[in-house]
Every structure is written in structure tokens, then in C-alpha cells.
There are 2 protein chains.
Amino acid sequence: MPIKDIITEEQRMAARYAKAMGHPIRMYILELLTKQACCYSGDLSEILPIAKSTLSQHLKELKDAGLIQGEIEAPKIKYCINRENWAKAKQLFQTFYGI
Amino acid sequence: MPIKDIITEEQRMAARYAKAMGHPIRMYILELLTKQACCYSGDLSEILPIAKSTLSQHLKELKDAGLIQGEIEAPKIKYCINRENWAKAKQLFQTFYGI
DNA sequence: ATCGCTGTTCGTTAAATTACGAACAAAGAT
DNA sequence: ATCTTTGTTCGTAATTTAACGAACAGCGAT
């Protein structure tokens, strides 16, 4: 039996979200974005002692996973939680942890 | 400021658990273990079309992250959820997702 | 004592992740 | 038109992850 028929779509999605959350810096970013509405990449760059390019990569991962979204507010980019997917992730983990 | 003082211990732990959950097969295993009390590696090996050694690696990752535990029941090994750490992970995700 | 069954460890390979600095691109300000 | 600011992309390197089959180890049964 192919693996595709064994693993459910929910499990795949949950794993996708979990993977994006699977790094301390990304958890930090996500938590920050839940506590304040939004933030600019530059704000994070000032706080976090990592290269801008590394930060950009982490933001891209979070964006690709669908957990955050970026809105151009030239010359900056404003990042916020992607509410829709956040709710999906929340629901998946709720179910998973039997909440 | 060193990274260690910026990322909280909670964020690090949550990332650790999330990372372990960040693979479809590991999500499948975890979900199975929440629905039935325990299972043997052999049961999983029959269901999942992956090499025994690969399965063993995934189980080890889950064990190292503290989400499951194995109990020898010769000649098999019985795997169960590690209730204590499961509760911790659950609590971390609850807080994180504002549940 | 050795055979069989279970599951881990070893050795290897390919791919993905994490990180950096340098170079680049976009767009408003001078 | 050029400068400045912001953030991404490129190129690179080191590490980790994921996967496999073969070899090994533990232990109960023969």
C-alpha cells in the first residue's frame, strides 16, 4: 500500500505546520506576531543576532508553510500571522492533542 | 545580545516537540498511539511501507524528543505515549495557540 | 548450543536545513 | 538621476535529516 493512502491529509498538513514551527527562531517570530499585531523584518533584525539573509530565510519558511504573510509597506515589509491558516493549524493541533 | 537570552526555554522546548512532529510518518505514529494505548514496532512495520531501519530512526527521534517511550516486552518492544512530556507539549501548544 | 524472531545500529547516499556575507533589486527621498 | 534604506537572492559551506540494506544483538524457544 502506497504511503499516500496511509498518511492522511490532516497528518501531512499538521506535519507541515509543525516543521515550520520546529526551530527556536521561528517559534520566537510566531510568538511575537501573536502578541503584537504585526512587525517589520527590520524590527526582528535588530532583536535577533542573526544575519539578515538568515532571517529572511526563516520568514520565507513561515510564509511558505502559510503561517505568516507579508504585506509591502514600502520600503518595509509588514509581517502578520496568516489568520486563516493559523486557525487551521490551531484546529489540527487541538484535535491532535485531544483538546 | 546572545541568542540564548532572547529565545525563551518554552520556545526552545516547543520547537523541539514541533520538530519531532514535523514529519508525516511521525505524526501518523503519534496519532496512532493516542488512539490506541500502545503498539509494537512490528505492527507499524507491517502498515508503513518503509524499511525497518527507517522506522527505527523515526521512533528514536520521537523517543529522544520525549514524546514516546518504549518498554521491552521480549522479544518485542511496546511503544506508548510519554504521558508526562505529552502533557508538557500539549500545554506549550495550548499557550502558543492561545487556547 | 543454535535457531528465529524482533528491533537497533552501521555504513552509505542523497537531499534538505541552517548559516553567512556579498551582490542585487525595489522604491521613496534628495 | 542618484542615493539610501530595506529586504531578497545568490553562492557557498557545514550540519542534519531521511532513506536503504546489511550486519548485529538480545532473548525466548527448540
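All chains are named by letter (A, B, ...) in the order of the sequence lines, taking the proteins before the strands, and each is independently numbered beginning at 1.
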Which part of the nucleic acid, if any, lies within reach of I72(B) when heavy atoms closer than 4.0 Å are counted: base, sugar-phosphate only, or nothing?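 Nothing, no heavy atom under 4.0 Å.
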Residue-phosphate contact under 4.0 Å: H23(B) side-chain N/O, dT17(C) OP1/OP2: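 The answer is no; no side-chain N or O of H23(B) sits under 4.0 Å from OP1 or OP2.
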Are OP1 or OP2 of dC20(C) and a side-chain N or O of H58(A) less than 4.0 angstrom apart?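 False: H58(A) side-chain N/O out of range (4.0 Å or more) of dC20(C) OP1/OP2.
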Expressed as a whole number of angstroms, how long is the span from [X]:[atom1] to [N]:[atom2]?
X	N	atom1	atom2	result
E73(A)	dA27(C)	CD	C1'	14 Å
I50(B)	dA18(D)	CD1	P	11 Å
D64(A)	dT8(D)	CG	P	12 Å
I29(A)	dG7(D)	CD1	C1'	14 Å

Could you state whether L59(B) and I50(B) fall into the same hydrophobic cluster, counting links through intermediate Ile, Leu, Val, Met, Phe, Trp or Tyr residues with side-chain heavy atoms under 4.5 angstrom apart? yes
Under 4.5 Å between side-chain heavy atoms, hopping through other hydrophobics if needed: is there a path connecting I81(A) to L67(A)? yes
Under 3.5 Å, is there a donor-acceptor pair between the side chain of N85(A) and the main chain of N82(A)? no
Judged by atom type as modelled, is there a donor-acceptor pair below 3.5 Å linking the side chain of Q36(A) to the main-chain atoms of L33(A)? no
Residue pairs, two or more places apart or on separate chains, that pass salt bridge (charged side-chain N to carboxylate O under 4.0 Å, His left out) and touch residues 76-86 of chain A: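 Counting only pairs at least two positions apart or across chains, the salt bridge (charged side-chain N to carboxylate O under 4.0 Å, His left out) contacts touching residues 76-86 of chain A are E73(A)-K78(A).
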Quick one: list whatever passes side-chain contact (heavy atoms from CB on, under 4.5 Å) with I6(A), sequence neighbours left out.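 Partners of I6(A) by the side-chain contact (heavy atoms from CB on, under 4.5 Å) criterion, ordered by chain and then number, come out as M1(A), Y28(B), I47(B), L48(B), P49(B).
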Nucleic acid contacts - residues 6-14 of chain B versus DNA chain D, non-hydrogen atoms under 4.0 Å: none
The side chain of E61(A) is closest to which nucleotide in this list: dT17(D), dG21(D), dT18(C)?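 In terms of side-chain proximity for E61(A), the closest of dT17(D), dG21(D), dT18(C) is dT18(C).
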Can you give the donor-acceptor pairs under 3.5 Å from side chains of residues 86-99 of chain B to other protein atoms, not counting sequence neighbours?
| unit_1 | atom_1 | unit_2 | atom_2 | d |
| --- | --- | --- | --- | --- |
| Q91(B) | NE2 | T95(B) | OG1 | 3.2 |
| T95(B) | OG1 | Q91(B) | O | 2.9 |

Does Q11(B) reach the side chain of E31(A), with side-chain heavy atoms less than 4.5 Å apart?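 The answer is yes; the side chains approach within 4.5 Å.
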Side-chain donor-acceptor distances from residues 51-58 of chain B under 3.5 Å, at least two apart:
| unit_1 | atom_1 | unit_2 | atom_2 | d |
| --- | --- | --- | --- | --- |
| H58(B) | ND1 | R26(B) | NH1 | 3.0 |

Base-contact (B) and sugar-phosphate-only (S) positions in nucleotides 2-16 of chain C, heavy-atom cut-off under 4.0 Å, - elsewhere: ----SBBB------S
